[in-house]
Peer 1: 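Here's a structure for you.
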Amino acid sequence: MTTFVLLHGGGMGGWTWKYVRELLEAKGHTVYTPTFTGFGEREHLISRDVDNATNVADVVNVLKYEDLRDVVLVAHSYAGTVAPGVVAAAGDRIRRVIYLDAIVPLSGERIAALMGYAKEEEMAGLDAMLAAGEGPIGSGVHEMQRAAAKEHPHIMAPERQEWLLANLSDQPMRVTACAIPVGAETIGKPVDYITAQHTVMTAMHDRARALGWPLHAHPGDHALLVGDPEGTVDLILAITGEK
């Protein structure tokens with residue numbers, strides 16, 4: 001059986017993997033779902049000091065203190081910016097990486113700029129402001145996601161969407177503004193990319209393809225891990241060769 005470490009997206013937490021985790025564990029796999037500092041049930045730790053390196057350390061410490069080895073790292077959405085740093089720091093503990101409709105950053109890029117939400121110079125200025133102890137602590141991503149869901153409901157049962165939206169929380173502004181120290185181009189492990197059909201991550205799919213990563217299509221939307229955990233697990237296990 002496989003040890004999976006599942007990394008969540010923006011405005012979320014380890015809780016977002018609830019249904020995927022249950023399915024994987026029912027099949028006998030070991031699953032860890034750490035929550036990044038400043039997210040989810042750790043939102044009380046949100047601050048201007050929390051950046052990409054902080055979230056990388058969150059995961060590296062789970063691998064270290066739980067003594068995890070031969071791990072399959074699965075990164076959804078925002079976590080695509082964290083996974084490369086984890087591999088760089090603890091690659092000896094990781095077997096392979098799966099990107100689940102995730103951001104594919106290059107070293108030195110900033111999330112808001114690479115996603116087209118703001119200009120590079122604006123984010124560099126904001127990052128400097130935050131480093132100086134000024135500026136907004138949170139990004140408001142949870143409210144943006146709730147507003148987007150009103151315009152374009154997720155492909156899932158209404159009660160499942162209600163659960164998802166109710167549990168969203170803010171995330172540190174600095175993780176979207178800081179330069180990502182270690183980019184996806186540095187990953188020296190096998191990487192597969194699961195693409196959602198209905199998503200804002202289309203440009204990230206192109207980046208994954210350019211890096212030579214195998215792509216695996218899912219007909220759902222960006223929240224496929226909640227909307228179709230069964231299909232998500234099927235794809236993950238097909239990639240890893242497990243049952």
Side-chain angles (χ1 to χ4, degrees), residues 6-13 16-17 20 36 39-40 52 55 74-84 97-106 109-120 122-123 126 136 138-158 160-180 183-185 191-211 213-229 231-232 235-236:
L6 311 179
L7 307 183
H8 64 83
M12 300 183 181
T16 196
W17 292 104
V20 167
F36 301 135
F39 295 68
N52 181 268
N55 294 160
V74 182
H76 175 239
S77 195
Y78 162 71
T81 71
V82 177
V97 182
I98 299 175
Y99 270 55
L100 184 63
D101 211 45
I103 298 173
V104 182
L106 301 179
E109 290 187 314
R110 304 170 194 272
I111 291 177
L114 74 89
M115 292 294 292
Y117 300 144
K119 295 181 179 179
E120 167 67 22
E122 294 174 343
M123 287 300 99
L126 177 57
S139 69
V141 67
H142 55 325
E143 296 303 340
M144 289 186 281
Q145 289 182 25
R146 290 181 179 125
K150 289 182 179 180
E151 293 292 324
H152 302 284
H154 288 295
I155 304 174
M156 62 181 69
R160 187 68 64 85
Q161 176 174 275
E162 183 179 354
W163 173 82
L164 171 63
L165 299 179
N167 282 291
L168 294 175
S169 60
D170 205 353
Q171 69 183 39
M173 175 60 84
R174 197 164 187 198
V175 304
T176 67
C178 72
I180 298 161
E185 80 281 3
V191 186
D192 287 77
Y193 194 109
I194 296 174
T195 65
Q197 182 176 345
H198 306 280
T199 181
V200 297
M201 295 289 172
T202 304
M204 300 299 108
H205 303 174
D206 293 337
R207 284 183 168 217
R209 187 177 294 107
L211 287 170
W213 298 350
L215 271 59
H216 311 266
H218 186 284
D221 64 20
H222 187 59
L224 69 162
L225 68 165
V226 177
D228 182 23
T232 299
L235 281 171
I236 289 172

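Nothing here was measured: the structure is a model prediction, and the numbers come from that model.
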Peer 1: Starting at CD1 of Ile111, measure out to CD1 of Ile180 and round the result to the nearest 0.5 Å.
Peer 2: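 Ile111 CD1 to Ile180 CD1: 5.0 Å, rounded to 0.5 Å.
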
Peer 1: How long is the straight-line distance from CG of Leu7 back to CG of Asn55, given to the nearest 0.5 Å?
Peer 2: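 Result: 10.0 Å between the selected atoms.
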
Peer 1: For Arg174, which residues count as a side-chain hydrogen bond (donor to acceptor under 3.5 Å, both in side chains) partner, sequence neighbours excluded?
Peer 2: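 Per chain and number, Arg174 pairs via side-chain hydrogen bond (donor to acceptor under 3.5 Å, both in side chains) with Asp127.
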
Peer 1: Kindly say whether His142 contributes a backbone atom to a donor-acceptor pair with the side chain of Gln145 at under 3.5 angstrom?
Peer 2: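 Not confirmed, Gln145 side chain does not pair with His142 backbone.
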
Peer 1: Taking ring pair (Phe, Tyr, Trp, His ring centres under 6.0 Å) as the definition, give me every residue that meets it alongside His205, ordered by chain and number, with sequence neighbours left out.
Peer 2: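 So His205 forms a ring pair (Phe, Tyr, Trp, His ring centres under 6.0 Å) with Tyr193.
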
Peer 1: Can you name the residues that form a side-chain hydrogen bond (donor to acceptor under 3.5 Å, both in side chains) with Glu120, not counting sequence neighbours?
Peer 2: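 Once residues adjacent in sequence are excluded, the partners of Glu120 under the side-chain hydrogen bond (donor to acceptor under 3.5 Å, both in side chains) criterion are Arg110.
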
Peer 1: If the condition is side chain to side chain contact (heavy atoms under 4.5 Å, CB included), which residues does Asp228 pass it with, not counting sequence neighbours?
Peer 2: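 Expected list: His218, Glu230.
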
Peer 1: Any heavy-atom pair between the side chains of Asn52 and Val175 that's under 4.5 Å?
Peer 2: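 No. Closest side-chain heavy atoms not under 4.5 Å.
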
Peer 1: Please name all residues satisfying side chain to side chain contact (heavy atoms under 4.5 Å, CB included) with Glu185, sequence neighbours left out, ordered by chain then number.
Peer 2: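 So Glu185 forms a side chain to side chain contact (heavy atoms under 4.5 Å, CB included) with Leu106, Ser107, Leu211.
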
Peer 1: Got a list of side-chain donor-acceptor pairs under 3.5 Å for residues 161-168, not counting sequence neighbours?
Peer 2:
from: Gln161; atom 1: OE1; to: His154; atom 2: N; distance (Å): 2.6
from: Asn167; atom 1: ND2; to: Trp163; atom 2: O; distance (Å): 2.8

Peer 1: Got a donor-acceptor contact below 3.5 angstrom from the Arg160 side chain to the Gly227 backbone?
Peer 2: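 No, because the side chain of Arg160 does not come within donor-acceptor range (under 3.5 Å) of the backbone of Gly227.
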
Peer 1: Say whether, by atom type as modelled, one donor and one acceptor occur between the side chain of Ser169 and the main chain of Gly40 under 3.5 angstrom.
Peer 2: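 Side chain of Ser169 to backbone of Gly40, a donor-acceptor pair under 3.5 Å: yes, one is there.
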
Peer 1: For the residue pair Thr81 and Val104, establish whether any side-chain heavy-atom pair is separated by less than 4.5 Å.
Peer 2: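 No, too far: nothing below the 4.5 Å cut-off.
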
Peer 1: Can you list everything that forms a side-chain hydrogen bond (donor to acceptor under 3.5 Å, both in side chains) with Thr195? Sequence neighbours excluded, please.
Peer 2: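 If we apply the side-chain hydrogen bond (donor to acceptor under 3.5 Å, both in side chains) test to Thr195, skipping adjacent residues, there are no hits.
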
Peer 1: Hey, does the side chain of His76 reach the backbone of His222 with a donor-acceptor pair shorter than 3.5 angstrom?
Peer 2: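 Answer holds: yes.
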
Peer 1: Using the test side-chain hydrogen bond (donor to acceptor under 3.5 Å, both in side chains), find all partners of Thr232 that sit at least two apart in sequence or belong to another chain.
Peer 2: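 Residues passing side-chain hydrogen bond (donor to acceptor under 3.5 Å, both in side chains) with Thr232: none at all.
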
Peer 1: If you take all heavy atoms of Ala102 and Met204, which pair is closest and at what distance?
Peer 2: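 Closest heavy-atom pair between Ala102 and Met204: O-CB, 3.5 Å.
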
Peer 1: With sequence neighbours left out, which residue pairs that include part of residues 217-226 fulfil the salt bridge (charged side-chain N to carboxylate O under 4.0 Å, His left out) condition?
Peer 2: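 Qualifying pairs, neighbours excluded: none.
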
Peer 1: Mind checking what makes side chain to side chain contact (heavy atoms under 4.5 Å, CB included) contact with Ser139, not counting sequence neighbours?
Peer 2: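 Testing Ser139 for side chain to side chain contact (heavy atoms under 4.5 Å, CB included), a comparison that skips the adjacent residues, returns Val141, Asp170, Gln171, Met173.
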
Peer 1: Judged by atom type as modelled, is there a donor-acceptor pair below 3.5 Å linking the side chain of Asp101 to the main-chain atoms of Ala223?
Peer 2: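 It does not hold such a pair.
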
Peer 1: So which pairs with a foot in residues 191-203 pass salt bridge (charged side-chain N to carboxylate O under 4.0 Å, His left out), sequence neighbours left out?
Peer 2: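 Output for this query lists Arg96-Asp192.
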
Peer 1: According to ring pair (Phe, Tyr, Trp, His ring centres under 6.0 Å), who are the partners of Tyr78, at least two apart in sequence or on a separate chain?
Peer 2: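 By the ring pair (Phe, Tyr, Trp, His ring centres under 6.0 Å) rule, Tyr78 matches Phe36, Phe39.
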
Peer 1: Any side-chain heavy atom of Met201 sitting closer than 4.5 Å to one from Ser77?
Peer 2: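 Yes, side chains in contact.
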
Peer 1: Any side-chain heavy-atom pair from His198 and His152 closer than 4.5 angstrom?
Peer 2: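 No, side chains not in contact.
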
Peer 1: Please step through side chain to side chain contact (heavy atoms under 4.5 Å, CB included) for the pair Tyr99 and Ile194, ending with a clear verdict.
Peer 2: CA-CA 6 Å; Tyr99 270 55; Ile194 296 174; over 6 Å; no

Peer 1: For the CD atom of Gln197 and the CD1 atom of Ile155, what is their distance to the nearest 0.5 Å?
Peer 2: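 With rounding to 0.5 Å, CD (Gln197) is 7.5 Å from CD1 (Ile155).
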
